[in-house]
Amino acid sequence: MEIRLFNTLTLTKDGFVPVEGSKVRLYVCGPTVYDFIHIGNARVFVLFDAFRRFLEEVGFQVIFVQNFTDIDDKIIRRAQELGVSPKEVAERYIEEYWRDAEALGIKRATVHPRATEHIPEMIALIAKLEEKGFTYSVEGDILFDVSRFPEYGKLSKKKLDELQEGARVEVRYEKRNPADFVLWKGAKPGEPFWESPWGKGRPGWHIECSAMAMKYLGETLDIHAGGIDLVFPHHENEIAQSEAATGKPFVRYFLHNGYVTINAEKMSKSLGNIITVRELLKQYNPKAIRLALFGTHYRNPINIDVELLEASSQFLERMKNFLRNFAFIRKKVAENPSRKVESESDVLGEVVRFQQLFLEALADDFNTPQALGVFGEFMRFGNRYLLPSRGKWSEEVLAAMDAFLGIVERVLGIIPWAELGAEDREVQALVEEREKARKEKNFALADALRERIRALGYVVEDTPLGARFFRHEGREG
RNA sequence: GGCGGCAUAGCCAAGCGGCUAAGGCAGAGGAUUGCAAAUCCUUCAUUCCCCGGUUCGAGUCCGGGUGCCGCCUCCA
């Protein structure tokens, strides 16, 4: 299967071929740990985690690196506000990140390097740049001289002279070029610092990603991903400093996801509309949140609002019902050999086709909305096949459906098996009692029993194959 | 000022020149059911912001217009 990815470097959808066989070197810019992550951060992490899982599903070995920026201005500011050390702030919010990530079903990367644990690597990289003449120093800071890197702007399609005109940066000091950026910041009183050939100081923001990416993934990455707002200057600067140092292409495919808005407004502190993952999880099932995120193509902007979350929650409910149908029939077939049919190649073919279409959609620039569309059709098809009135089923088909569900779960993590709820002996007895009452046409008793079952948190459904029941979880799951 | 993106049904959202414009949510009607729940079926854009053009053929390409958004400054 050919995988095609929209590459920000070329602005076209290119066929994806890793540098080395089936090995994929993937880097995603992780969070700056000064606060809880918000839904905008979550979009990046959920999306590219799923993308990584997709690559693995189709046979790639992915080395996935996602960093923690654990030293920077925002962390220092936060530490001052809280009256603790920057390190404490970082440690705390790394812990909070793990909690949110786990709750959202985001798997851990192969490596989660921290900036503060890679200062020597950054210093070495800066030294190399200095050696090659790409740096200059002003007032204790070491700056990268973009004019020495002719390809500067190739990612963001910006030209240096245009940048000059648009730039309205608070100038702390005179840079040679407004686009020049800090590699090493001289320490100010009260700030954390590390020793370096240029004196006490700390790394600039951009250098950490280059240093850590190259340490774990080598000098040329297959894929580098992040939010579209990182295109300039962050990723542009990463390219400049990395390629200036190595003389090799830093990244082959740059992937960028679109913005998240809340109720059609940009998230910002001043609007006070930042939604943290922590908050969202109080109201919505994590799988519903994932579904909402996957419902829009990653490159397009997505607007988060109640309508979207409600629609996703509804879709999740439908998935649960499908799983109930599936599990119920599977159980009935396993219990009773007379319900088996040998093979149904036409039905099997359909299931296989859905699976192929699903994977092909994802192979085409990770088109999750399309894939979800295929899955919706699969559920309708499946429910039709699983109608109790059918009477007989093929175990082969049921196994194929299960296999497909496995793929969807491994890649997108949206199959709510766990939410289905365990069976309960007490309820089982009540359900059987009610069955008996129904056979005797004692509907008053049957309805009373249903109420008792409901009081225990379960809903009973009558089917031609007998009653079944499940834990009732309410609208939000 | 420079650069980039988007405009598809009530809402969300695929569509990458060629069968009847995916899918979801919401809505309507029906089947099924002792009742219910779930499910299934049918229905829901003669049309893809507007105007030109290219083409045998365009939502899809080109030009122009209108509207919205983002970046150029910390930001996922």
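Below, chain A is the first sequence line, B the second, and so on; all start at residue 1. Note that the structure is predicted; figures quoted are calculated from it, not measured.
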Taking the inter-plane angle between the rings of [X] and [Y] on a 0 to 90° scale, is it parallel (under 30°), tilted (30 to 60°) or perpendicular (over 60°)?
X	Y	answer
A:Phe48	A:Phe51	perpendicular
A:Phe68	A:Trp98	perpendicular
A:Phe144	A:Phe181	parallel
A:Tyr298	A:Phe366	tilted

Quick check: are there more than 12 heavy atoms from other residues, nucleotides or ligands sitting under 6.0 Å from [atom1] of [X]?
X	atom1	answer
A:Lys154	NZ	yes
A:Arg353	CZ	yes
A:Phe381	CZ	yes

Exercise. Using modelled atom types only, decide if a donor and an acceptor are shared between the side chain of A:Arg290 and the backbone of A:Leu47 within a distance under 3.5 Å.
Key: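 No.
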Self-check item: Polar side-chain atom of A:His38 near backbone of A:Asn41 as donor-acceptor pair, under 3.5 Å
Solution: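 Looks like yes, one N/O pair under 3.5 Å.
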Self-check item: Minimum-distance nucleotide to A:Trp205 side chain [options: B:G24, B:C75, B:C3]
Solution: B:C75
Quiz item: Which nucleotide, B:G23, B:C75, B:C25, lies nearest any side-chain atom of A:Ala311?
Solution: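 Output: B:C25.
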Rounding to the closest angstrom, what is the interatomic distance between [N] and [M] at atom [atom1]?
N	M	atom1	answer
B:A9	B:A21	P	15 Å
B:C61	B:C19	P	16 Å
B:G57	B:G65	C1'	26 Å
B:U20	B:A45	C1'	13 Å
B:A14	B:A7	C1'	15 Å
B:G67	B:U8	C1'	16 Å
B:C44	B:G30	C1'	15 Å
B:G52	B:C11	P	26 Å

Self-check item: Stacked cation flag A:Arg324 on A:Phe470, 6.0 angstrom / 45 deg
Solution: yes
Self-check item: A:Phe193 six-ring centre to A:Arg202 NZ/CZ under 6.0 Å and within 45° of normal
Solution: no
Send over the distance from [X] [atom1] to [N] [atom2], rounded to a whole Å.
X	N	atom1	atom2	result
A:Phe68	B:A76	CZ	P	14 Å
A:His256	B:C6	NE2	C1'	19 Å
A:Tyr298	B:A14	OH	C1'	15 Å
A:Glu265	B:G70	CD	C1'	15 Å
A:Ile228	B:C6	CD1	C1'	11 Å
A:Phe181	B:U73	CZ	P	14 Å
A:Leu372	B:G15	CG	P	13 Å
A:Lys157	B:G5	NZ	P	11 Å

Pairing partner of [N] (Watson-Crick or G-U wobble, both distances under 3.5 Å):
N	value
B:U60	none
B:C6	B:G67
B:U43	B:G27
B:U32	none
B:A37	none
B:U54	none
B:A21	none

Quiz item: Reading nucleotides 30-39 of chain B from the 5' end, what letters show protein touch, with B for base, S for backbone sugar-phosphate only, - for no heavy atom under 4.0 Å?
Solution: ----BBBBSS
Quiz item: Can you find a side chain N or O atom of A:Lys159 that sits less than 4.0 Å from OP1 or OP2 on B:G4?
Solution: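 Answer no for this pair, as no side-chain N or O of A:Lys159 is under 4.0 Å from OP1 or OP2.
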Quiz item: Taking OP1 and OP2 of B:C71, is either one under 4.0 Å from a side-chain nitrogen or oxygen of A:Tyr259?
Solution: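 The answer is yes; a side-chain N or O of A:Tyr259 sits under 4.0 Å from OP1 or OP2.
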Enumerate the salt bridge (Lys or Arg N to Asp or Glu O under 4.0 Å) contacts for [range], please, sequence neighbours excluded, ordered by first and then second residue.
range	answer
residues 25-48 of chain A	A:Glu20-A:Arg25, A:Asp35-A:Arg78
residues 107-116 of chain A	A:Glu91-A:Arg114
residues 363-386 of chain A	A:Arg4-A:Asp364, A:Lys13-A:Asp364, A:Arg299-A:Asp365

Might you list the N or O atoms of the protein lying below 3.5 Å from N or O atoms in nucleotides 10-13 of chain B, with each pair's distance?
none

Quiz item: Base, sugar-phosphate alone, or nothing: which one does A:Val231 contact when heavy atoms must sit under 4.0 Å apart?
Solution: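 Result for A:Val231 = nothing.
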Exercise. Name the nucleic acid region contacted by A:Gly30, choosing base, sugar-phosphate or nothing; use a 4.0 angstrom heavy-atom cut-off, strictly under.
Key: nothing
Quiz item: Pick the nucleotide of RNA chain B nearest each of A:Gly376 and A:Pro31; which residue has the one closer to the 5' end?
Solution: A:Gly376
Self-check item: First of A:Leu11 and A:Asp364 reached from the 5' end of RNA chain B, by closest nucleotide
Solution: A:Leu11
Polar pairs (N or O, both sides) under 3.5 Å between protein and nucleotides 60-63 of chain B?
none

